[in-house]
Amino acid sequence: MIKGYYKKYIDETHDEKGILNGFKINCPDNFNFAYDIIDKFGEMEPNLNALIWVGPAPENDEKFFNFSDLSRYSSKAANLFASRGIKSGDRVKLVLKGNYRFWFVLHALEKIGAVAVPATHLLTAKDYIYRFEQAEIKHIVAIGGEPNVAKNINDADSELGNVLINKFITGGDSIDGWIDFDAELEKQSDVFERRDVKADDMMLMYFTSGTTGYPKMVTHNHRYSLAHIQTAAWLNNRYGGVHLTVADTGWAKAMWGKMYGQFIHGSAVFVYDYEKFIPAKMLEVISKYKVTSFCAPPTMYRFFIQEDVKSYDLSALEYCCTAGEALNPEVFDRWLEFTGHKMMEGFGQTETVITIANLPGTEPRPGSMGKPMPLYEVDIIDEDGNSVGAGEVGEIILRCDRGNTPPDGLFQGYHNNEELTSSVWNNGIYHTGDTAWKDEDGYFWYVGRNDDIIKSSGYRIGPFEIESVLITHPLVMECAVTGAPDPIRGQVVKATIVLVKGAQGSDELVKELQKHVTDNTAPYKYPRIIEFANELPKTISGKIKRTDIRKKDHE
């Protein structure tokens, strides 16, 4: 039995109520997730469900994989890659959406010691050129059947003088110059001898976009995978459960909720590989496949509560979490009303595992991220680097400057950019770039990214509080608050609003919404500009892209 197997890697303590309050990771110097979790679990309990995959509509094909399957297929893929010259340290681009082969490929690269570099399928040829050059990509595995994916990759490769040594295509028609991954996989042995891969070796690289400049290359070693035990504790993953995190594999959130912590706990990962987010369809699959724990951005919950939630059988659902954006209390209250489940918010970044969260057994405060996770020493500081008191807004930092070494789960740095790395990680402190305040009881409340803060006529205004007020208006479906340039005030508050079905924007409604804000928060925070839109720009995982709105306002 693998239930509780993960405890060999950690020391943890709990308070008198059973709430986690102490956590330390004991990571062996040669820890490797594919060997020590996937292969080990495949030996100890081969028939336990590991991956449940449902393909896009209208077919909605199903595939079930146990731990033995993942062990065998990852070994087959490792043999295939090794036979094609992929070796330890090589960077391999993965463009696989939510396809189940992603799990075969990722664990195969772990076994070899190669570095996985996941990406969204929405990249253009220009995007690929930048990533190929910066990450020194020599191999790629891409999904077939997607418009322009192979074409954009080919165009980028040609522009760079054909730098790609291996191009694998999977899940679609064969393409000239590409290796048929599926056909070649079946020819391989399912035995792959363990290689000497160290826990401190680079394992994973994600490109993450900031508010300015080119995407940063966040690198993680093999210790990162084990640190997600803590993330799974927040998600309340359990042995024999079925967990669904809504996230594309091109984004780091997939590592949080579709991979490491879940498998370590013996929980199955549920993957819905949809083409377009349809709230009713998502609720349907949660019901049909008996999902026990669920995590999605607040925006998706907002769409859920517009549906007839009570018409779906969600009796198997035990736990609900949210991350990626700040949670509006209105959404929290409605979801609790419809399902009986409180949404447990958490906070972290591509550079970290979960750092602040509402843990199982605690009482969440709607809109609060919760309290620091025991693995990290979290603080809030002002612009001079001093810790701030309760109620004061400052930057969230992780402290490693008081004799404590950087804990597992923190990134190694930004690849090939020591200047950028040192700008956020210096003097034993990691600067998240996110701002928050904490109340008298130690709960953290999100304000926004440093670059999201609106500086207007001497005031510093966080967008989240205004969004939380606006979304309580019955005609507001969702909104994004940003700072728009103003020649007198420097910036003014702007709200981009999507109305509920049937509602129409008007000058009268603008005035009504502005009054709604001034009636419910400080008058200086009201949006001087309100723009109605049919939809908000979002990432593929549903996170609102405020940078796109700001960029448009500066054109």
Side-chain angles (χ1 to χ4, degrees), residues 205-220 224 231 251-253 255-256 297-298 323-327 345-357 368-370 372-373 375-388 392-401 406-407 409-438 444-455 460-465 467 480-483 491 539 541 543-551 554:
M205 182 188 298
Y206 264 103
F207 282 77
T208 180
S209 296
T211 53
T212 60
Y214 288 105
K216 301 167 289 188
M217 295 180 287
V218 177
T219 62
H220 284 286
Y224 169 77
T231 306
W251 305 103
K253 186 65 183 300
M255 300 299 124
W256 286 45
E325 300 180 301
L327 170 65
E345 189 175 356
F347 167 82
Q349 299 178 316
T350 302
E351 291 87 345
T352 72
V353 297
I354 190 74
T355 55
I356 303 169
S368 167
M369 297 182 289
M373 296 295 289
L375 182 61
Y376 296 111
E377 183 180 354
V378 184
D379 198 2
I380 300 176
I381 61 172
D382 60 22
E383 292 180 349
D384 296 321
N386 302 311
S387 298
V388 302
E392 296 182 65
V393 174
E395 183 188 15
I396 303 169
I397 64 165
L398 305 185
R399 287 195 176 277
C400 305
D401 62 338
L410 281 179
F411 73 129
Q412 294 175 291
Y414 298 117
H415 183 60
N416 284 345
N417 198 330
E418 291 185 9
E419 182 180 354
L420 182 59
T421 300
S422 62
S423 72
V424 300
W425 198 348
N426 54 72
N427 298 318
I429 292 175
Y430 170 57
H431 294 261
T432 66
D434 286 289
T435 58
W437 60 276
K438 62 181 176 182
F444 279 57
W445 300 78
Y446 189 75
V447 174
R449 290 290 297 170
N450 272 337
D451 293 318
D452 284 340
I453 298 298
I454 302 163
K455 299 175 182 178
R460 287 171 57 85
I461 304 169
F464 174 59
E465 184 179 2
E467 292 172 356
V481 168
T482 54
Q491 287 181 311
T539 68
S541 59
K543 187 175 179 180
I544 296 171
K545 298 169 68 175
R546 291 171 181 79
T547 52
D548 284 9
I549 298 173
R550 286 197 294 266
K551 188 183 299 183
H554 282 81

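A heavy-atom distance below 4.5 Å is not found between the side chains of Ile461 and Val481. Lys216 is listed as a side-chain neighbour of Glu351, based on a closest heavy-atom distance under 4.5 Å. At a threshold of 4.5 Å between non-hydrogen side-chain atoms, the residues Val353 and Tyr376 count as touching. Between Thr355 and Met369 there is no side-chain heavy-atom pair separated by less than 4.5 Å.
Taking Tyr224 as the reference, His228 meet the side chain to side chain donor-acceptor pair (under 3.5 Å) condition, with sequence neighbours excluded. By the ring-ring contact (aromatic ring centres under 6.0 Å, His included) test, Phe411 pairs with Tyr414, Trp425, Tyr430, sequence neighbours left out. Residues satisfying the side-chain contact (heavy atoms from CB on, under 4.5 Å) criterion with Asn426, sequence neighbours excluded, are His431. For Asn427, the side-chain contact (heavy atoms from CB on, under 4.5 Å) test picks out no residue, with sequence neighbours left out. The side-chain contact (heavy atoms from CB on, under 4.5 Å) test applied to Ala252 returns Tyr206, Thr350, not counting sequence neighbours. Every residue meeting the side-chain contact (heavy atoms from CB on, under 4.5 Å) condition with Ser368, not counting sequence neighbours, appears here in chain and number order: Arg365, Tyr443, Trp445.
The two residues Ala323 and Pro298 make their nearest non-hydrogen contact at O-CD, 3.7 Å. Smallest separation of non-hydrogen atoms from Thr432 and Glu395: N-OE2, 3.6 Å.
Asp382 places a side-chain N or O within 3.5 Å of a backbone atom of Asp384 that can act as its donor or acceptor partner.
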